[in-house]
Amino acid sequence: MGRDRRVEYISSSPEDTLLIGRKLADLAVHSIICFFGDLGAGKTTLIKGFIEKATATPLDEIISPTFVYMNQYLGQEQKVYHFDLYRLQDAYEFVSLGFDDYLYSGDICLIEWSEKIAPLIPPQHISVHMAYLGEEERKITIILNEVHA
Ligand code: ADP
Ligand code: MG
């Protein structure tokens, strides 16, 4: 058994968080990335940086899929699916909407409120934990979850 790798950042502004999102887009080794943190923690902000970098989509065209559960972005090299499951009932609803296919597509899935579909998340994934420290300060912990023999 080994230890999962983790890095921790303190972000001092939304711009900082966008930058961390762009960096993550370059480093992401797993296609499933789960985001944890309260409303306003900055999950969508980080994801915007990621999607901009990964798919060359202008920031102002990246909007939260709160009411539709999922938005997709088709870049030259990769496809990115951005989920916001805040309003989702449970994993059964996710499957009944056919969304589980995306999880196993090999394309990148950025998932807010993945707690709702915990049983469906593959053990090999990245998790990003975001916590409010102050008006513009956030703690961001990125964890590489590996499968241990
Ligand atoms: P979530 O998706 O977690 O609900 P959002 O990214 O939609 O969060 O909203 C975060 C809010 O907090 C935005 O209004 C953003 O401008 C503000 N904010 C202030 N400081 C930061 C920071 N350091 N990182 C991210 N967002 C920040
Ligand atoms: Mg959000």
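Indexing begins at 1, ligand by ligand and atom by atom, following the structure's order.
Residue contact check for ligand 1: Glu135 places a non-hydrogen atom closer than 4.0 Å to it. Residue Leu39 places a heavy atom less than 4.0 Å from ligand 1. For the ligand labelled ligand 1, residue Lys48 lies outside the 4.0 Å heavy-atom shell. At a 4.0 Å cut-off, not a single heavy atom of Ile47 sits close enough to ligand 1 to count as contact.
Counting heavy atoms only, Thr17 comes closest to atom 22 (C) of ligand 1 of the residues Asp38, Leu46, Thr17. Checking Gly37, Gly40, Gly42 against atom 11 (C) of ligand 1, the nearest heavy atom belongs to Gly40. In this comparison of Ser11, Ser13, Pro14, Ser12, the heavy atom closest to atom 15 (C) of ligand 1 sits on Pro14. Remark: among candidates Ile20, Thr45, Leu133, Leu18, the nearest residue to atom 5 (P) of ligand 1 is Thr45, based on non-hydrogen atoms.
Lys53 and Asp26 are joined by a salt bridge, as a carboxylate oxygen and a charged side-chain nitrogen come within less than 4.0 angstrom of each other.
Residue-level proximity to ligand 1 for Ser64 is absent, since no heavy atom of it falls below 4.0 angstrom.
Summary: OE1 is the N/O/S atom of Glu112 found nearest to the Mg ion (ligand 2).
Side chain of Lys79 to main chain of Ser105: no donor-acceptor pair is present (N/O by atom type, distance under 3.5 Å, no hydrogens or angles).
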